[in-house]
Amino acid sequence: MASQNPVKQKEVVEIEKELSFGPIHPALLEPYRIRLFVNDEYVEDCELTVNVAYRGIEKLFEGLPIERALVIAEKVCGICSNVHAFNAVRVIEGGLNIEVPTRASYIRVLVHEIQRMTSHLLFFGHAFEVLGHETFAMRSFLLRETFMDLMAYIGGNRVMASVPIIGGIRPRADLTEPLKKTILSRLDEFEDKYTDYVNRIMADPMVMSRLTGVGLLSKDEAIKWYATGPTGRASGWDFDLRRDMKEYKPFDFKVIVLNEGDNKARVVARALEIFESIKIMRQVVKNLPEGPVVNRQWIAGKMDYTIAYIETYRGELMHSYGLDEHGLIRNYKIRTPTITNLAAMEQACIGDHVTDAMVTIASCDPCLTCCTRAEVVEKGRSRVMTDQEVVRNYGWRH
Amino acid sequence: MIAFIRLMIEGAYKNFVRVAARRDRITSIEIRESVASQSVPMQETVLDETCIGCSGCFHVCPTQAITMVQLEKPVEIIEGYSRTQVPRIDFLKCIYCLNCHDICPIYSVFGEAAPIHARDVGAPRLTLQEILKKPVRAPPDKILELSKLIPAESIALISRRENN
Amino acid sequence: MDTISFTLLLIASSVIAIVIATLYSLVLPGIERKVQARIQQRIGPPILTPGFWSVIKFTYKEKVEPIAQMPRLYKCSVYLGVVVVAFLLLFSTPYWWAVLSWGSILGIVGLLKIEEVIYVFMGSQSQSILSTSMPMPDLAKGSKHIGTRREFVEQHSAERAIKMMAIGSLPIYLALIVPFVVGKSILISDVVSFQNPAFFSAPWYGLPLPSHPILFTVPGFLATIPFFLGYTILLNEKPFSILKAKIDVIEGGVLEYASTLRAAYYVMRNLLLFALSSIFVTLFIGIPFDPFTPFVFLLNMLLSIILPVCLAVLVAFSPILTFRQIYPVAIGLSAIGVLAMILAVSI
Amino acid sequence: MSLKARSRRNAIHAMLFYSGGCNGCDIEVANALLSPRYDLEQYKVLFTWNPREADVLIVSGIIAWQLLEPLKKIYSMIPNPKAVVAIGSCPINGNVYKNLVGDIGVNEDIFAPLDNIIPVDVKVPGCPPRPEDILEGVVKGVPKLVEAP
Ligand code: SF4
Ligand code: SF4
Ligand code: SF4
Ligand code: SF4
Ligand code: SF4
Ligand code: SF4
Ligand code: SF4
Ligand code: SF4
């Protein structure tokens, strides 16, 4: 990625050596390759090769009926599964003006926020594993179980809950009274434990000394690299799509913006967002209107290329496609937050100790299954090659 | 710093009790036992009580993961209609495309316990008797529309199997 | 006592001490893991699994040649490590105290230094698949820095090992000096008899208890802090596990050890865990690891559990520190060590 | 039981190889490992990232083509006896990525099923399998290790 973006003009530094990690490595929960160019122990430059888990997922959508496509949309990613299903239906709902009942919209927000919790808590788990703090990682996975359970209660599966469907939500995912009570009581229980957990982390001098002042990303850089989500907000960029989404209009919440832009800020930003999510979830459950949960009065037909943006857990996600006259998908495109956030991280970890650089990369919550796509390789005249061609022409190594 | 020392002292007591007296352990003993005896219950997929044995799922599965198992004794669901067979899914072949779920008139495959295809799943809380009392014949245009939703290959499979 | 019977007793006591210590040390990682597991609110592995059964299992695995620059040297390093640690252990057995100047602080310090150097050897040798030699088309794609030397993570870990040698081991040396200063001698036997005057005159079945253990004096107590953290540093455990930091260098130099070699590595690591702990009990409490006085021997083993358990708790609650934090911590610990020494002189 | 068999039964080192797919399985394996509720270690399975130490290789994902060579290499570096556990329907049959019959037909960019690449001993189906399924799957690989010469 860095090779595509030679924007930062720096004087050429002597590089002593290169360290490469991955794709199979304890710090990476997913296959990608980190190449660190270091002098002594300090990172002078960093390159991430993210194309490793290539599945050609956008191609898979081509020519499928829109309803069937949602099965794949959900399997773009097992962390953000709900948000992809959510945004995929938002595209067609926007494009064909399909009305969504309020109750359905509320429940979509609820599930969206539940998954934000699982995602942020997974982030803590991963970040502390990378910091080397096993106990905190485990505590965070333990807290996460609350929301995995709630997902399973609502959607029937811990990971692929498939709640949104075109025009509403699956009737199975409708909230019953006992379920509402369960959600509220589990939330209370969680909030207590989580507050303790966060206080404990914040007070820990060893953990904080690892996080503070490391991996600085300034606001300008965050905007330049388009580091959205908590990554950008921790650098003082006040940008959150939820404020503009009509689904979020009825709810009252704060957008957490911090100015430090270091690893600590990125951790704290997520820690505080969890409290806001709890607030939103409580509002959903308490103010849930009565009514139908799905609108079936729609027919898939010709639709122009439509785009929908949503604020996911890591930043801004874009889905877009058009439909042909049979309601078959044409030209599905996904742009996920991690792809831009990682470019920002490549910059942020310059100047850090090698071990800190791993934390910095982890602090933007890297997850790449969604963003593995064709890469541009320039050689002599600019020319596009797929990775397969590269290997065919140049071999695996040189 | 003082806050940290206070936390540390509190934590020291709590963790001492955890170590010495095995307090607060949250590992699920139920799972421990079922794993140790290799008897983790399977994911619930086919809802035997509601399935009407129509074998629609069997025909639509692109990987032939479904087999229809004959029941020893047919079960009468409603007057004049009894279920003689139920589907069984071979998970090693299943690709979770959920075609079977979509075709099932009462959504009794992957009904509750597993992911449900993001298409509509109707009203799952209807009882079977209610469903069967409704007219079951689909209007021709609906069938035409449905045929667009089912992958061409699955349909090819159906006709292939019928030819054999 | 004549030389021949002395030699025989020396050999007998060494063999008994090493065999029992090895077996016992294989239980310690299990206890460590169990303590951590309880803190983490889970069940954790059975006590024998991480140490004992793992070592036996590795000896039964297929022998594979490690990928290393000089495989033979690489293989020798781990066996050398085991021998060094075994000798280290013998410092807490009284028969060795009489051999030349072996029973002095100089011997302990010397062996610990060799132990540290071994990690540098291992790191510079090992060339595992997990970094540079992983088949990835990343070079083929080009980069901003073409032709840079590519290093294996193990080599990087060797560089860190050198840094740790320079600063990391200071605290434990300073802490080790304290009992000798208090005992006003460089011989271990004097330090033990200072704390436990009855030890050398007790019958074999006796249980002579120390009358003034150095641990309970102010300098002794102060010295315990640098000793314990120095112990952590020597064992490369969190928070000082930078040369084995899982998240970048994975396991450092020991990555390529498989089957028997890995079993040997486990033995080396666990025996070091016990040996240092046992030396602590000998020097700071005055209860040596003497195979010929069984009760003292057992008491030493029992007390030697304390340090590994404390280590387990520390590991459970600390992240990995980088050199940014390790330098000041090492300096602070050394300062405590020096303070303890000054106090010890004035006693 | 001989000492050999007992030691193999009592200490198992497992390694995770994530080879593409959607992450779901990967996170559930991490859950089975790190969440105290499931706790993989209580079944005498210790987790490692070093193929030289491993006995069980847990594979999840669809085997993207860039991961094909690393997978074979890492498998070959594990000393015998070794067992392979395939987690999720991705390595078992490619899941929806292999074939959902859109315009592209069968997806040739992915190399599932895993059987074609390395021998698989235990298959844990599901999308994703629940952590308890994963635990059971890993434990099921043990007899193969124990019975090996
Ligand atoms: S951004 Fe990360 S979590 Fe979200 S879909 Fe992409 S890979 Fe998944
Ligand atoms: S960018 Fe990649 S994933 Fe997207 S359509 Fe092109 S090849 Fe497929
Ligand atoms: S279309 Fe894809 S490859 Fe091209 S610039 Fe955008 S993200 Fe990068
Ligand atoms: S038409 Fe419907 S009910 Fe009848 S066999 Fe086919 S799937 Fe079953
Ligand atoms: S989900 Fe798809 S592959 Fe699995 S049984 Fe149903 S139709 Fe067959
Ligand atoms: S389609 Fe539904 S009702 Fe028909 S056999 Fe399959 S599960 Fe039973
Ligand atoms: S379209 Fe027909 S067969 Fe299919 S679910 Fe509806 S009523 Fe049943
Ligand atoms: S089996 Fe399902 S959950 Fe697992 S990686 Fe594949 S798509 Fe994801």
Side-chain angles (χ1 to χ4, degrees), chain C residues 26 29-30 33-34 36-67 126 128-130 133-138 140-141 153-154 244 246-247 249-252 254-263 265-266, chain D residues 1-17 31-56 64-83 135 142 145-149:
Chain C
L26 293 182
R33 202 69 193 137
K34 201 80 183 173
Q36 285 167 14
R38 294 235 171 118
I39 288 175
Q40 289 155 352
Q41 298 169 276
R42 61 200 176 93
I43 295 179
I47 285 191
L48 288 181
T49 294
F52 184 73
W53 290 122
S54 298
V55 167
I56 296 184
K57 178 197 76 176
F58 283 126
T59 58
Y60 282 118
K61 286 210 97 170
E62 177 202 19
K63 313 251 173 310
V64 290
E65 194 67 5
I67 306 176
S126 163
S128 88
I129 187 191
L130 290 165
S133 50
M134 180 78 80
M136 278 296 294
D138 54 349
K141 284 182 197 159
V153 287
E154 296 96 313
K244 282 203 262 172
K246 195 176 98 184
I247 51 129
V249 296
I250 311 179
E251 286 182 297
V254 302
L255 262 175
E256 271 298 308
Y257 288 125
S259 50
T260 327
L261 293 168
R262 184 154 281 272
Y265 163 66
Y266 269 49
Chain D
M1 216 194 301
S2 71
L3 188 63
K4 178 156 64 170
R6 283 190 66 179
S7 68
R8 282 179 180 166
R9 187 177 296 279
N10 278 300
I12 302 139
H13 285 80
M15 176 182 177
L16 172 65
F17 189 103
N31 236 323
L33 169 71
L34 282 174
S35 169
R37 180 157 152 202
Y38 301 106
D39 186 23
L40 188 57
E41 280 190 351
Q42 63 178 306
Y43 307 104
K44 302 159 189 159
V45 180
L46 306 169
F47 206 74
T48 172
W49 281 99
N50 181 1
R52 293 302 199 183
E53 194 177 14
D55 307 304
V56 176
W65 71 272
Q66 290 196 13
L67 287 159
L68 189 61
E69 281 303 311
L71 175 61
K72 287 182 189 160
K73 257 242 167 90
I74 281 185
Y75 178 75
S76 72
M77 304 205 84
I78 301 177
N80 283 323
K82 53 194 166 191
L135 297 174
V142 178
L145 298 172
V146 173
E147 283 148 22

Using non-hydrogen atoms only, which part of C:Y266 is less than 4.5 Å away from chain D: side chain, backbone, both, or neither? side chain
Looking only at D:K4, D:M77, D:K44, the option with the highest number of non-hydrogen pairs under 4.5 Å against chain C is D:K4
Partners passing salt bridge (Lys or Arg N to Asp or Glu O under 4.0 Å) against D:K73 (at least two apart in sequence or in another chain): none
Nearest 0.5 Å, what's the CG-OG distance between D:L40 and D:S35? 11.5 Å
Heavy-atom distance under 4.5 Å to chain C: side chain of D:A54, backbone, both or neither? backbone
Please name the pair of heavy atoms, one in C:Y265 and one in C:K244, separated by the smallest distance, quoted to 0.1 Å. OH-NZ, 2.8 Å
Residue, of D:D55, D:V45, D:L46, that accumulates the most heavy atom pairs under 4.5 Å with chain C: D:D55
Distance in Å, C:R38 CZ paired with C:I43 CD1, rounded so as to fall on 0.5 Å steps: 9.5 Å
Which bit of C:L48 is near chain D, if near means a heavy-atom gap under 4.5 Å: side chain, backbone, both or neither? neither
Please state whether the side chain, the backbone, both or neither of C:K63 comes within less than 4.5 Å of a heavy atom of chain D. neither
Using non-hydrogen atoms and a 4.5 Å limit, figure out which bit of C:L130 sits close to chain D: side chain, backbone, both or neither. side chain
I'd like to know which of C:A37, C:G44, C:A258, C:P46 tops the heavy-atom pair count under 4.5 Å against chain D. C:G44
Pick out which of C:E256, C:E251, C:E62 makes a salt bridge (charged side-chain N to carboxylate O under 4.0 Å, His left out) with C:R262. C:E251
Report the distance from atom CG of D:N50 to atom CD1 of D:I78, rounding to the nearest 0.5 Å. 9.5 Å
When every non-hydrogen atom of D:Y75 is compared with those of D:K82, the smallest separation belongs to O-NZ, 2.9 Å
Between C:L255, C:V64, C:I67, which residue shows the highest count of heavy-atom pairs closer than 4.5 Å to chain D? C:L255
Heavy-atom distances under 4.5 Å only: say whether C:F58 touches chain D with side chain, backbone, both or neither. side chain
Does any non-hydrogen side-chain atom of D:D39 lie less than 4.5 Å from one of C:Q40? no
Contacting region of D:R6 [heavy-atom separation from chain C under 4.5 Å]: both
